[in-house]
Amino acid sequence: MSFFTDLAHQYIDGEWKAGSGSWDIIDFNPYDGEKLASITVATADEVDQAYRAAQRAQESWGATNPYKRREVFERALRIIEDREAEITEAIVAELGGTLVKAAFELHLTKEFLREAVHLALAPQGHLIPSPDDTKENRLYRVPVGVVGVISPFNFPFLLSVKSVAPAIALGNAVVLKPHQNAPVLGGSLVAKIFEDAGLPPGVLNVVITDIAEIGDALLEHPVPGVISFTGSDAVGRHVATVCAQHFKRCVLELGGNSALIVLDDADVDYAVDAAVFSRFVHQGQVCMAANRILVDRAVEAEFTEKFVAKAKTLKVGDPASPETHIGPLINSSQADGVTSLVTQTVQAGAKALLHGRTEGNLVFPSVLTDLPDDAPVLRQEIFGPVALILPFDGEEEAVRLANDTPYGLSGAVHTADTERGVRLARRIRTGMIHINDGTVHDEPIVPFGGEKHSGVGRLNGDSTVDAFTTPKWISVQHGRSRFPF
């Protein structure tokens, strides 16, 4: 597809160029194996070039009138709207995303761009009282300077824009490294849109590469003040360690093992619909997905029967078909890993109410129950279409099970009594939880992030301002201070 080959380049200091590494990243369609593009990797030297270009460009960009900065995002939004059909096809081809997933990702991307328009005009500071009558304290919010962004493969267009757009809107420059399985949607497409929107050269740079080539150059480089990383907790731990060693701030949006809790007074049919979507959307490759579905024994039989029946109706296949609910996992390694996980869990004693087969990168839904208490799958993130149903007796056990995980990203509680749901939700140690809804939600002005191994820091709205700016205290003495010597 010319869409991919046209964008198969590095973007550094406003120039499209080939990387100078000794090997290529091959961008494949995960459904049919078609080669979409070949991209020669960037080296550590090119990472340095990107950061230096960002550093040079940031000074004038940070001083640009915010009303002028805002115009870039308004134009970028119009470009996405004009190219929506083309971007939808790209999401299907590069990610194996269904049309429903593509629409969801595009909708949220546009919402975050609209918020970036407002962030460009966000308040830049305020006055703080002083105990000295003649002194004035001014607290400014200033850009951190340069932000390094590392985005994942599951929602790469959205999750790149979600960090890139606000960071730039607030006066920073950015170096973006997309995941090697989504180099175009997560990287070069974002650069092309902002280039066409009139963003000055150097303000956004994209390096398509891999740790095998550059090591920790992206993290250790002296220029960036903040690293925004979205991905697994294992890699996130490494990012945090390196950042700490180099006195950098980091924002980590990591994995999840979310619980969707169905209480005894829940609307079972509605809870089934919410749980099926929360578990199987984008083949389960969603950090907020409902890994564990906890069901009160009073409604367990009814819920389980209806959940399994609905899971059986999900169509697995070509993501370009409007009828498809579940497309391919991103690569064969992911597909093999999920398949092995199901097999091992069943061999360890779990009962498979539905045991899906695997065809290439297509993994059909599995539903497991009667899991041993020590089953590893209960405490890990499953990035695939596998649902775990766990019965419980009463709210105390529901809370215990929900919290029995090293993660704490999202969750949901279903009940006829809203306040009962809120009371229970407040006891779950998670960054986000939703009453009578699914677990997969993101909104531009609501703080997004997790507890425990699910991340550090928050994004969206005011949290994004905190992440990508730094406070600066300037005091003005209108009188005269008295010094002791």
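Any value given below was found using the heavy atoms of this structure, including those in side chains, with hydrogens, waters and symmetry copies removed.
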- Would you say the side chains of Glu451 and Thr430 form a donor-acceptor pair under 3.5 Å? no

- Query: Within 45 degrees of the axis of the six-membered ring of Phe364 and under 6.0 Å from its centre: does Lys312 put its NZ or CZ there?
  - Reply: no

- Query: If you draw a 6.0 Å radius around NZ in Lys68, do more than 12 non-hydrogen atoms from other residues or ligands fall strictly inside?
  - Reply: no

- Polar contact flag, side-chain donor to acceptor under 3.5 angstrom, Asp13-Asn205: no

- Just checking, is any N or O donor in the side chain of Ser410 or Ser258 under 3.5 Å from an acceptor N or O on the other one? no

- Task: Evaluate the side-chain proximity of Val174 to Val146: yes if any heavy-atom separation is below 4.5 Å, no if none is.
- Result: no

- Aromatic ring pairing Trp16/Tyr11, orientation class (parallel under 30°, perpendicular over 60°, tilted between): tilted

- Message: I'd like to know if the side chain of Asn361 reaches the main chain of Ile330, judged simply by a donor and an acceptor atom lying under 3.5 Å from each other, with no hydrogens or angles considered.
- Response: no

- Is the backbone N or O of Leu362 less than 3.5 Å from a side-chain atom of Tyr31, with the two atoms forming a donor-acceptor pair by type? no

- With distance as the sole test, does Arg69 use its side chain to make a donor-acceptor pair with the main-chain N or O of Thr64 at under 3.5 Å? yes

- Do Glu381 and Asn257 get their side chains close enough for a donor-acceptor pair, meaning under 3.5 Å? no

- Side-chain donor-acceptor pair under 3.5 Å between His238 and Asp216, yes or no? yes

- Message: Tell me whether Glu81 at atom CD has more than 12 heavy atoms from other residues, nucleotides or ligands lying less than 6.0 Å away.
- Response: yes

- Side-chain contact test, heavy atoms from C-beta onward, threshold under 4.5 Å: evaluate it for Leu219 versus Ile150 and give yes or no. yes

- Query: Do the charged groups of Arg70 and Glu74 touch, with an N to O distance under 4.0 Å?
  - Reply: yes

- Please check if the distance between the ring centroids of His325 and Phe280 is under 6.0 Å. no

- Item | Backbone of Gly171 reached by a side-chain donor or acceptor of Gln58 within 3.5 Å | yes

- Item | Thr339 and Thr358 side chains, donor-acceptor separation under 3.5 Å | yes

- Side-chain ion pair, Glu359 and Arg357, N-O less than 4.0 Å: yes

- Query: Has Lys162 got its NZ or CZ under 6.0 Å from the middle of the six-membered ring of Phe448, at an angle within 45 degrees of the ring axis?
  - Reply: yes

- Message: If only side-chain N and O atoms count, and only distance matters, is there a donor-acceptor pair under 3.5 Å linking Asp267 with Asn436?
- Response: no

- Exercise: identify the closest heavy-atom pair between Ala8 and Ser38: CB-O, 3.9 Å

